[in-house]
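Heads up, the thing below is written out as structure tokens.
Below, all heavy atoms of this structure are taken into account, side chains as well, without hydrogens, waters or symmetry copies.
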Amino acid sequence: MRYLKFLNLIPLIMFFIVDKLRGTLISRYLLIIIVVLGVINMLIEKGMKEYCISSLMLVVSTAAGMILYTYYYYYFVSAGPETPIFGAAIMMVYGFIALAVAAVGTVVVVIKDRVAEKRASRTIDE
């Protein structure tokens, strides 16, 4: 359980895998993986600090993976002038998805923490 947060580093390499399989940057598979990792973060983390670290890892790995892929594509595949701009636009799409999942997860973790606190206070009162 302790090392499951390192699954959030998957998007670093997924951009290369998705490009080799499908030939497109906006892939539903990568979007699904980002959302699933966000949901896993919500469910397994025990506190807000751990959740914030895991979510930050997911967002940063998503952005870094897209930056690395844009760099790779620009220098080794197509050195067109639109490549960095297109890569930045795609990175923003994936980044917004990762941030949205992290925001929803933050609300879920806060609610989960408050429910746990209420249950603990009820058992102490009884």
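- The shortest heavy-atom contact between Lys112 and Leu43 is NZ-O, 3.6 Å.
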Might you work through the side chain to side chain contact (heavy atoms under 4.5 Å, CB included) test for Asn41 and Glu50, ending with a clear yes or no? CA-CA 9 Å; Asn41 288 340; Glu50 292 177 11; over 6 Å; no
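- The two residues Leu58 and Gly38 have their closest heavy-atom pair at CD2-N, 3.9 Å.
- For the pair Phe6 and Met57, the tightest heavy-atom approach, listed with the atom from each and the gap, is CD2-CE, 3.8 Å.
- Residues Val101 and Val60 are members of separate hydrophobic clusters, defined by side-chain heavy-atom contacts under 4.5 angstrom among Ile, Leu, Val, Met, Phe, Trp and Tyr.
- Linking Ile, Leu, Val, Met, Phe, Trp and Tyr residues whenever their side-chain heavy atoms come within less than 4.5 Å leaves Val110 and Leu56 in two separate clusters.
- The two residues Leu7 and Pro11 have their closest heavy-atom pair at O-CD, 4.4 Å.
- Taking the side chain as every heavy atom from C-beta outward, Val35 and Leu31 never approach each other to under 4.5 Å.
- Following chains of ILVMFWY side-chain contacts shorter than 4.5 Å, one can reach Val107 starting from Val115, so the two form part of one hydrophobic cluster.
- Between the Ser61 side chain and the Asn8 main chain, a donor and an acceptor come within less than 3.5 Å of each other.
- Taking each heavy atom of Met42 and Val109 in turn, the nearest pair found is O-CG2, 4.2 Å.
- Under the 4.5 Å side-chain heavy-atom criterion for Ile, Leu, Val, Met, Phe, Trp and Tyr, Leu37 and Ile13 are members of the same hydrophobic cluster.
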Would you please test Thr62 and Met66 for side chain to side chain contact (heavy atoms under 4.5 Å, CB included) and show each step? CA-CA 6 Å; Thr62 301; Met66 195 60 228; 5.9 Å; no
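- Here the straight-line distance linking atom CG of Leu99 with atom CD1 of Ile34 works out to 10.5 Å at 0.5 Å rounding.
- The side-chain heavy atoms of Ser54 and Ile44, taken from C-beta on, include no pair separated by under 4.5 Å.
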